[in-house]
Amino acid sequence: MIEFTPWPEPFAARYRQKGYWIGRPLCAALEGHAMAHPDRVAVICGGRTITYGQLDSMANNLAARLSAHGLGQGDTALVQLPNIAEFYVVFLALMKIGVAPLNALFSHKRVELTAYADQIRPKLLVADRSHALFGDDAFIEELSPVQALLLGENDPSRSLKEWLTDTDLQLTGGPTAPDQVAFFQLSGGSTGTPKLIPRTHNDYDYSIRESARICCVTNETRFLCALPAPHNFLLSSPGALGVFHAGGTVVMAANPDPRLCFDLIVRHRVNMAALVPSAVALWVEAAERRGAPASLAHLLVGGASFAPALAQRVPQALGCRLQQVFGMAEGLVNYTRLDDPDDVIVESQGRPISPDDEVMIIGEDGQPVSPGEVGQLAVRGPYTFRGYYRAPEQNARAFDSDGFYYSGDLVRWRADGNLQVVGRVKDQINRGGEKIAAEEVENLLMQHPAIAAVALVPVSDPTLGEKSVAFVVASSPLKGIDLRRHLISLGIADYKLPDRFRFIDALPLTHVGKPDKRKLAQTLDA
Ligand code: OOB
C-alpha cells in the first residue's frame, strides 16, 4: 500500500454520504463504455482512430502482461510519453492492476526524472526512445526499474507496442481500493525538490464527474488535447478523463500551435478545446487573420493569469463560448459556468466545483480577510489532497492544523460569488502556464563553482505572461551562456532555463535576510 495522508474519517464519511465518493476505480467509466458501445471512437491520434473497445483491450493486454511480470497493487511506475493515445492506454492499464503511475511531462529531463524516481522508486518505467534521455540505455540503467517499456523500441521484450497486442495471459489482481492512492500528480512546486501529490480514485473520480457535468461534456464532445496530457487541466478539468467519462472523443495534438490545431479541429470536427492564455493569444490572432475553425463551440482557458482584454476577444474571434478554469494539481478546481453573465466569464476565474469545497481567504495576519479583500487562498474539500508524498516539512508549511491547504495564490471573492486571482505569494514563476519553482533552479545554479548567490525572479512578458530572470552574484567573471550550459549539462526541462541573466554585485536582502525579490523585480520594471 502506498502511504498518504488520508482525510479524517468524519470528512470521508460526509463525502461518501453526500455521494461525492462513490467507491469506483478510475478505470471504471471507460470500461463501462467499452462494454456498452465498443465501436464508439475514444481517441484520434495522428492517422489512428481508436475505439473504446480497442483502448480497453489494449489496456487489458498490457495489464495482463504486467501482472504476469509480478507488478500489482502497491507498486509504482514512472511514465513519460508524448501526447499520444498510448498515454491513456498505459494509464488505464495501470489503474486496472493497482500500479500507481507518476506521469512526467515530456519536457522533463534528467533532474526532474531522477527526483521523481528517488521519491517513488518505480518498478516500471514507460518511456519513449525519441526522448533525448532514452536514445540509449544509460539512463534506464541508472533508474534500474524491474521492467522498462519503450515506445519506438526494436527489442520485443521491451517494446510498449508489443505489450499492447493480444495475449493469452490472464489479468490477475485488480485496482487499489477506491480510498487509496491511484496515481501521483505533479505539483507546480515552489521548493527545491519537485513534490508529488497522491490522488485517490474516490477524490479524482469525483472531480472528473463534476467537471464533466459543469463543462457540459457529452458523448458528442470532441475534445482537443493540445497541452501536455498528464497536466491536471488536460487530464481531469474536465480533460480527457472527463471526456471518457461521458463517452466522447479526445483528439490529440502535439502542441497548441494554431496552424496544427485549426487543421485538426476542421478535420475531426472538434467542438471543445482547453488552452493556457499564452496559446489563446496565438489562436485569437490566427483566427482574426484567417478565420476561425467553425466547429469549435467551447474553449476552456486556465493555468495562468488571463487578461480580460484578451478574454473579451475570444467569443467573437473564435466563434465559441469561453469558460475560465482556475485549478491546481493539489485539488481545488474553479470554473465560470456556461450560463454566467459575460462580465463573470471575462473577468473572473469562477467558483469551486463542490458545495463542500471550503475556501478561506487569509490575510497577512493569518486571519480571514473582509469580504472583497485580497488574501491567500486556503482550501480543504472532497478532492483536495491532505499532504504531499513523504514531505513532512513541506506539509507542515503548506497545511494548517485544520487540514486547509495554502495554495500560495492571492485571490479575492467578487460580490457575485466568483473568485479572482490577483497574484501569488509562492516563490514560483508561471511561464505561460508552466510552473517553475524558483528554489529548484537556484539550487542548480548554485552548483556552479563561480556563483556566490542567485535569485530567480519573474518578469512580465507580453507573450508568455511571465518569464524568468536570474540575478547572479558571481565570484569570477561569468556570462549568461556559461550558466545556460551549466543547467543544460545538469539536465533540466527547457522551460526552467532562465530567460535572462543579470549579474549584480550583491543581492538586496529583506529584514529577515532573504533575497528581496520584490526589489529585484522592480529593477526590471524600471
Ligand atoms: C493548473 O494546475 P497547476 O498545478 O499546474 O498550477 C496551479 C497554479 C495555481 O495555484 C495558480 O497559481 C495557477 O496555477 N493558476 C492560475 C489559473 N489556473 C491556475 N492562475 C491564474 N488564473 C488561472 N485561471 O494550472 C490547473 C489545474 C487544473 C485546471 C486548470 C489549471
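As the structure lists them, so they are numbered: ligands from 1, and atoms in each ligand from 1. Heads up: numbering here begins at 1 and tracks the sequence. Since this is a predicted model, take the numbers as computed values, not measurements.
For the pair Arg424 and ligand 1, no heavy-atom separation below 4.0 Å is found. Residue Glu434 places no heavy atom under 4.0 Å from ligand 1. Distances from ligand 1 to the non-hydrogen atoms of Gln324 include no value under 4.0 Å.
Cys320 approaches Val314 most closely through the heavy-atom pair SG-CG1, 4.1 Å. In terms of heavy-atom proximity, Glu434 sits nearest to Ser107 at OE2-OG, 4.3 Å.
The contact set between ligand 1 and Val325, taken as ligand atoms under 4.0 Å from a residue heavy atom, comprises 18 (N), 23 (C), 24 (N), 29 (C), 30 (C). Atoms of ligand 1 lying under 4.0 Å from at least one heavy atom of Asp409, given by number and element, are 9 (C), 10 (O), 11 (C), 12 (O). Less than 4.0 angstrom separates some heavy atom of Ser305 from each of these atoms of ligand 1: 20 (N), 21 (C), 22 (N).
Scanning all protein heavy atoms for the shortest distance to atom 23 (C) of ligand 1 gives Ala304 O, 3.5 Å.
Of the polar atoms of Asn232, none of the N or O atoms is found under 3.5 Å from an N or O of ligand 1, judged by distance alone. Considering backbone and side-chain N/O of Leu186, none are found under 3.5 Å from N/O of ligand 1. Considering backbone and side-chain N/O of Ser237, none are found under 3.5 Å from N/O of ligand 1.
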Stepwise salt bridge (Lys or Arg N to Asp or Glu O under 4.0 Å) test for Arg431 and Glu466:
CA-CA 5 Å; Arg431 190 179 187 276; Glu466 289 176 20; over 6 Å; no
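For atom 18 (N) of ligand 1, the candidate residues are Ser190, Pro228, Ser407, Gly303; the nearest heavy-atom contact is made by Gly303. Nearest-heavy-atom check against atom 7 (C) of ligand 1 across Ala274, Ala329, Gly327 picks out Gly327.
Remark: Arg386 qualifies as a cation-pi partner of Phe11 under the 6.0 Å distance and 45° angle criteria applied to the six-membered ring.
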